[in-house]
Amino acid sequence: MKQTDSNRVEFHTADKVKRIVSKALEIAPNDFAHAAALMKEAMKIARENELTDLLIGVKINLGRLYLETGNETKFLYYLRKAIVRANSNKDYDNLEMAYSGLGVFYWNKSNYKRALYYFTQANLLVKHIKNKVVLYKIFKNLAITHHKLQAIFLAKEYFQKAYKVAKKYNQQANIADSLYWQGLFHYQEAKFDVALKLYLESLALHNEVKNYFGSAITLNSIGLLYRDWREYDKALSYFKKCKIAAKKSTLHSDNLMADTFNNIGLVHADFEEWEEALNNYLLSLEYRRKSGFKDHEGTTLLNIAGIYQKKNDYVKALEFAKEALKIKKQIGDPALICSTLSLIVMICVTDNKKSEAQKFVHELLEYAVADFDMISKIQVFSALTDYYSVLGDYQKALESNKKMYELKLLVYDETVRKKMYDVEYRLKYEKAKLKTKNRIQNERVKTVLALACTTSHEVNQPLMVIQGNIELLEMSFQGIF
């Protein structure tokens, strides 16, 4: 009886903690201070009543609240505390949540290698997790991170796993999400018809389950696809629909709006409608700064700089380009830094600021000799070719141009090599699976033979007849394993 009463008290206490956390999450967007106070109250109750799993969960949620306000230090503090406690308690579900949270944090900062580390840690817990609903998220996180790191084969493998999990648990929103990403892969391989088909299937499912975030992303991608096809009316039509979905989304609404205005700006830039393009880019920047996605903010700043350059307003062009460079350097992506430096150099040269241009050229030359990827170096030598051409130093322009084309040939060879490796890797993978399959088949056949021999000994039957039956069994195994 006492045990029952104790369980009842524990249940009510746990329910109280959950209600407090739910209330905190509800009021957080409008009253962070009160929400944080409620979370700390929930932590205190959970700690005093030794509700360890709830205590860890509250720490993770409190960390997320701090991240929403831009306090990254507090976010990292609470998630790392949660990891230590979850590890010691073998609380695998909360441990996965913390690892995945850190992975997403670094992914949004474009630190994909560090994100991959945390997503891999989450993946190692798959067999121990009770909440199988999160499996799709784990596999998807690995897929999109491998894709960012150009490990295309692994990205596809993990998306196949994600899609199977979504189908198994009938997760309609996740099925829609998986179709979208498959469409994106095909789009990047220039298989536009296949991409559009998958996008439309994804959109229909997102609309069905009223996932406005998913709908907005898919509508934006369809719009970009039609832009590539130069069907601008259709592109703008989908971007308009995207704005409606983005406003309804409770997830990253500001960033979705920023993407949409940026893409509308691209269409106007295609038509050289500089004022319309600029207005949309500036609207995009306004939403970018609300969203906190620094990588995307840098891209929009660069687009704005490009428009001011077209309008011959070099002062503003340089101002926005330098701001973009600052963000790109914070992120640390060499290709983005080089493209930004290249634009700055051309703005300075066009505005006859050759001494200022020279400073940025020196920086570009550092990237030319540094151990960075070849795509970045191609951008460097392309910019240097233009720079020296404008200065009239055609000898150096020719040398830079030659290096650029040499690198392009190397990139082509590297791309072919990667494709060959991808095929070779797949063949090795299939061969290994087949070898394992044959080994299992042989072991099972040997087991049946052993049983057959035992039976032969016991009933004194001719082994020849039994061996014939075993051969029939082997033939039947070929269709099973």
Side-chain angles (χ1 to χ4, degrees), residues 109-113 148-150 262 266 269 277-278 281 285 288 293-415 418:
K109 286 182 161 296
S110 302
N111 190 340
Y112 302 117
K113 288 182 180 178
K148 277 286 186 183
L149 294 169
Q150 299 300 309
N262 186 79
L266 292 173
L278 181 60
Y281 287 149
L285 182 61
R288 290 277 187 236
F293 283 81
K294 301 302 286 184
D295 183 6
H296 296 178
E297 183 183 332
T299 301
T300 303
L301 285 164
L302 205 58
N303 287 341
I304 293 168
I307 295 295
Y308 277 122
Q309 184 193 23
K310 294 288 185 185
K311 288 163 63 67
N312 300 324
D313 188 341
Y314 302 118
V315 174
K316 283 192 174 178
L318 197 56
E319 177 192 330
F320 280 97
K322 284 181 177 178
E323 195 178 345
L325 180 63
K326 186 179 177 182
I327 290 173
K328 300 299 184 187
K329 284 183 175 180
Q330 285 173 358
I331 293 164
D333 187 321
L336 296 174
I337 293 169
C338 290
S339 63
T340 311
L341 282 169
S342 301
L343 180 62
I344 290 173
V345 167
M346 292 316 298
I347 292 168
C348 290
V349 169
T350 312
D351 196 25
N352 205 30
K353 292 181 178 177
K354 294 177 184 176
S355 59
E356 190 167 2
Q358 189 66 40
K359 287 190 296 183
F360 292 104
V361 166
H362 284 311
E363 201 168 342
L364 270 175
L365 287 168
E366 288 175 14
Y367 280 94
V369 297
D371 186 22
F372 287 125
D373 62 284
M374 287 187 284
I375 297 294
S376 301
K377 289 188 177 184
I378 287 169
Q379 289 183 326
V380 169
F381 287 112
S382 174
L384 290 174
T385 301
D386 292 338
Y387 169 70
Y388 290 125
S389 297
V390 170
L391 291 183
D393 190 341
Y394 299 113
Q395 181 61 40
K396 284 188 176 179
L398 185 64
E399 289 171 6
S400 298
N401 190 260
K402 185 181 176 183
K403 286 178 180 176
M404 179 182 72
Y405 277 102
E406 285 173 355
L407 284 167
K408 281 187 175 181
L409 286 172
L410 284 172
V411 167
Y412 173 77
D413 290 341
E414 180 72 6
T415 304
K418 278 183 178 178

Query raised in the report: If you take all heavy atoms of Cys338 and Val380, which pair is closest and at what distance?
Result: SG-CG2, 3.5 Å

Query raised in the report: Can you tell me how far CG of Leu285 sits from CD of Glu323, rounded to the nearest 0.5 angstrom?
Result: 7.0 Å

**Report entry** Exercise: identify the closest heavy-atom pair between Val349 and Ala357
**Finding:** CG2-CB, 3.9 Å

Query raised in the report: Gln309 versus Phe320: any side-chain heavy-atom pair under 4.5 Å?
Result: no

Query raised in the report: Out of curiosity, Gln330 CD to Lys109 NZ, how far, rounded to the nearest 0.5 Å?
Result: 8.0 Å

Query raised in the report: If you look at every heavy atom in Thr300 and Tyr281, which pair is closest and at what distance?
Result: CG2-O, 3.3 Å

Report summary line: To the nearest 0.5 Å, atom CG of Asn303 lies from atom CG of Asn262 at 5.0 Å

Requested in this report: Take Asp386 and Val345 through the side chain to side chain contact (heavy atoms under 4.5 Å, CB included) test and state the conclusion after the steps.
Outcome: CA-CA 9 Å; Asp386 292 338; Val345 167; over 6 Å; no

Requested in this report: Would you check if Val390 and Met346 make a side-chain contact, meaning some heavy-atom pair closer than 4.5 Å?
Outcome: yes

**Report entry** Gap between atom CD of Glu319 and atom CD1 of Ile304 - 0.5 Å precision
**Finding:** 10.0 Å

Query raised in the report: What is the minimum heavy-atom distance between Tyr314 and Ile347, and which atoms define it?
Result: O-CG2, 3.8 Å

Query raised in the report: What are the two closest heavy atoms between Ile337 and Lys328, and how far apart are they?
Result: CG1-O, 3.7 Å

Query raised in the report: How far apart are the C-alpha atoms of Phe360 and Leu325, what are their side-chain angles, what is the distance that settles it, and do they pass the side chain to side chain contact (heavy atoms under 4.5 Å, CB included) test?
Result: CA-CA 11 Å; Phe360 292 104; Leu325 180 63; 4.1 Å; yes

Query raised in the report: Would you say the side chain of Thr340 lies within less than 4.5 Å of the side chain of Ile327, judging by non-hydrogen atoms?
Result: no

Requested in this report: Evaluate the criterion side chain to side chain contact (heavy atoms under 4.5 Å, CB included) for residue pair Leu318 and Tyr308; output intermediate values, then yes/no.
Outcome: CA-CA 9 Å; Leu318 197 56; Tyr308 277 122; over 6 Å; no

Query - Pairs flagged by salt bridge (Lys or Arg N to Asp or Glu O under 4.0 Å) wherever residues 350-359 is involved - sequence neighbours left out - result: Lys322-Glu356, Asp351-Lys353

For residues 394-403, please give each side-chain donor-acceptor pair under 3.5 Å, one per line with the distance, not counting sequence neighbours.
residue	atom	partner	partner atom	Å
Gln395	NE2	Glu399	OE2	3.3
Ser400	OG	Lys396	O	3.1

Report summary line: In short, Ala305 meets Ala321 closest at the heavy-atom pair CB-N, 3.6 Å

